[in-house]
Structure formats: C-alpha cells, structure tokens
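Worksheet for the structure shown next.
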Amino acid sequence: QAISAELVRRKLITSWQAGKILQGKFKGFVLGRYRLMELLGRGEMSTVYLAEHVRMKRRCAIKVLPANKVKDTSYLGRFLREAEAVAALDHPNIVRAYDVDQEEEAGTEIHFLAMEYVDGQPITDWCDRQGLSIPARLRLFREVCEAVRFAHANLVVHRDLKPANILVTNEGRPVLLDFGIARLLDPTDATGAL
C-alpha cells in the first residue's frame, strides 16, 4: 500500500489503477492506443473510463461495450450508431467523437468509442450549486436547444434528452452527451419525421 501510495503521489499511476493493482488485477489498463485512468461510470449498455491517448497525451472518455453484449447484434448496432451519430456532429454543445475501434483480448472482442472528456456536472446540479437565476438557466437551456436543433438539421435525433445527459463544464458550457439510442434519419425518407 505504501508503494502504491508513493506511485500515486508521483503521478506514475492513478488512484483507480492503484486500487486495481492492490486487488491483484494487473491487466486492463490499456485499450488500443489509450491508457485507462479512472472509472467514470457504468451502466447496462456500457462502461465509461477517463483515458489518455498514449502518444498525444490527450484526455478523453472511453465508452466500452460490455463483452457479453458484443454478440448481440442489436447492442453492437446501437453502439456503432452512437459512434456514427456523434461523429456526424461538430458543435460546441455536443460531445465530440475522436475514434471508434475494437481490440481482441484473450479471444474476447472489445468495442470502444473514444470521445471528448467533459469535466462537468449534470445541468440541474450545476445550476443549483451556482444558484443561477431563471434567466441564467434559460440561457443554458437555449444552448442545449441549439445543439438539439443542430443535430436535427444533420438528421440525428437524440431520443434520450434528460438532465443526466447534459453536463455543464466549469466554464459554464452545457454539453449534450449519450447518443446511445439516437436515430439517424435517412435523407431520402420523406416519412422520417423528427
């Protein structure tokens, strides 16, 4: 424990990595070109890590599809649609996609999506902590609406708008996340109503 604490203090490993090592786990710290640094969240559809590109030293969020979902084509299809949807959108209030890839480890396919890391809080928590007035909250909401409008103009429907999927950065920029159930509209389909 003393050695791991010293390695964390020297910033050679993260606290999350130290915890894994102390549990006897020594694999799973690197995924493709990314070094996993911290667990950010876990759900039924994915696990999200804070990561760093090994060469570029750029921090990002890595969303990993659970191994037991890879063989289910509906889950894998939804995961790949999310990557396609986010990649199609370049807007300051929409999370940016950097990379989608897969690795094989011990015969298991690992699919992952590398995205912009948004260091922030859910919009309702941020507004409450800042003690924002109604007009200030409406300005944030307007930015989110502009992001949704931009997505719709690019034939992407989010379909899961909720406060947990909107983070606000320390600078006050709201960012729309989680396009996991987004629908990509066919531009030739006249019935694809928003």
Side-chain angles (χ1 to χ4, degrees), residues 14 31-43 45-65 77-101 111-187 192-194:
T14 66
L31 185 56
R33 296 178 299 272
Y34 301 92
R35 183 171 66 99
L36 304 182
M37 301 170 65
E38 182 181 328
L39 176 66
L40 295 175
R42 175 173 288 152
M45 279 293 300
S46 63
T47 303
V48 181
Y49 297 93
L50 172 63
E52 183 179 76
H53 190 282
V54 173
R55 288 210 172 141
M56 297 172 65
K57 305 297 183 207
R58 176 175 63 187
R59 285 190 168 197
C60 60
I62 299 282
K63 183 179 258 192
V64 180
L65 183 66
R78 192 182 330 177
F79 187 79
L80 295 174
R81 266 194 315 279
E82 176 180 12
E84 186 180 343
V86 175
L89 304 173
D90 186 14
H91 189 278
N93 301 107
I94 296 175
V95 68
R96 287 180 169 81
Y98 297 143
D99 190 13
V100 65
D101 207 347
H111 291 261
F112 63 93
L113 169 62
M115 301 174 292
E116 169 187 12
Y117 170 60
V118 180
D119 187 10
Q121 301 171 346
I123 193 167
T124 50
D125 295 350
W126 195 85
C127 288
D128 291 345
R129 287 193 178 114
Q130 297 294 320
L132 293 185
S133 65
I134 297 297
R137 290 173 190 242
L138 288 173
R139 278 192 295 277
L140 281 177
F141 185 64
R142 180 173 183 233
E143 287 184 59
V144 173
C145 289
E146 284 297 320
V148 171
R149 184 203 58 75
F150 181 83
H152 287 184
N154 286 278
L155 304 175
V156 176
V157 181
H158 189 281
R159 299 192 329 162
D160 195 19
L161 289 173
K162 60 186 178 186
N165 287 339
I166 304 166
L167 294 184
V168 181
T169 67
N170 295 330
E171 297 78 31
R173 176 176 59 104
V175 181
L176 184 57
L177 313 169
D178 198 352
F179 283 74
I181 62 171
R183 180 172 174 212
L184 304 176
L185 299 178
D186 182 348
L194 298 175

Thr124 vs Ile166, side chain to side chain contact (heavy atoms under 4.5 Å, CB included): CA-CA, chis, key distance, verdict = CA-CA 9 Å; Thr124 50; Ile166 304 166; over 6 Å; no
All side chain to side chain contact (heavy atoms under 4.5 Å, CB included) counterparts of Leu80, not counting sequence neighbours | Leu76, Val100
Would you please name every residue forming a side chain to side chain contact (heavy atoms under 4.5 Å, CB included) with Asp119, sequence neighbours left out?
-> Tyr117, Asn170
Reported OH-to-CG distance for the pair Tyr34 and Asp99, which is rounded to 0.5 angstrom | 3.5 Å
When every non-hydrogen atom of Phe79 is compared with those of Val64, the smallest separation belongs to CE1-C, 4.4 Å
CD1 of Ile62 to CG of Leu113, rounded to nearest 0.5 Å, is 7.5 Å
Got a sec, which pairs hit salt bridge (charged side-chain N to carboxylate O under 4.0 Å, His left out) with one end in residues 135-145, sequence neighbours left out?
-> Asp128-Arg137
Side chains of residues 83-91: which donor-acceptor pairs under 3.5 Å do they make with residues two or more places apart or in other chains?
unit_1 : atom_1 : unit_2 : atom_2 : d
Asp90  : OD1    : Arg96  : NE     : 3.0
Asp90  : OD1    : Arg96  : NH2    : 3.1
His91  : ND1    : Asn93  : N      : 3.0

In chain order, what residues pass the side chain to side chain contact (heavy atoms under 4.5 Å, CB included) check against Arg55, with sequence neighbours excluded?
-> His53
Going from CZ on Phe112 to SG on Cys60, what distance comes out if it is rounded to the nearest 0.5 angstrom?
-> 9.0 Å
For Thr169, check side-chain hydrogen bond (donor to acceptor under 3.5 Å, both in side chains) against everything at least two apart and list the hits.
-> Glu171
Residues two or more places apart in sequence or in another chain: which of them pass salt bridge (charged side-chain N to carboxylate O under 4.0 Å, His left out) with Arg149?
-> Glu146
Set of side-chain hydrogen bond (donor to acceptor under 3.5 Å, both in side chains) partners for Asp160, sequence neighbours left out = Asn165
Closest non-hydrogen contact found for Thr47 with Arg42 is OG1-NE, 3.5 Å
Shortest non-hydrogen separation from Tyr98 to Arg59 and the atoms involved = CE1-O, 4.5 Å
Considering non-hydrogen atoms only, spot the tightest contact between Val175 and Pro92 and give its length.
-> CG2-O, 4.3 Å
Partners of Tyr49 by ring pair (Phe, Tyr, Trp, His ring centres under 6.0 Å), sequence neighbours excluded?
-> Trp16
Glu116: what forms a salt bridge (charged side-chain N to carboxylate O under 4.0 Å, His left out) with it, not counting sequence neighbours?
-> Arg173
Go through Val168 and Gln121 one step at a time and tell me if the side chain to side chain contact (heavy atoms under 4.5 Å, CB included) criterion holds.
-> CA-CA 5 Å; Val168 181; Gln121 301 171 346; 5.8 Å; no
List for me each residue that meets side chain to side chain contact (heavy atoms under 4.5 Å, CB included) alongside Leu167, sequence neighbours excluded, and say none if there are none.
-> Val118, Pro122, Leu177
For Arg81, which residues count as a salt bridge (charged side-chain N to carboxylate O under 4.0 Å, His left out) partner, sequence neighbours excluded?
-> none
Shortest non-hydrogen contact from Leu36 to Ala51?
-> CD2-CB, 4.0 Å
Salt bridge Asp178-Lys63, side-chain N to carboxylate O under 4.0 Å | yes
Looking only at heavy atoms, the pair that brings Gly172 and Leu140 closest together is O-CD2, 3.4 Å
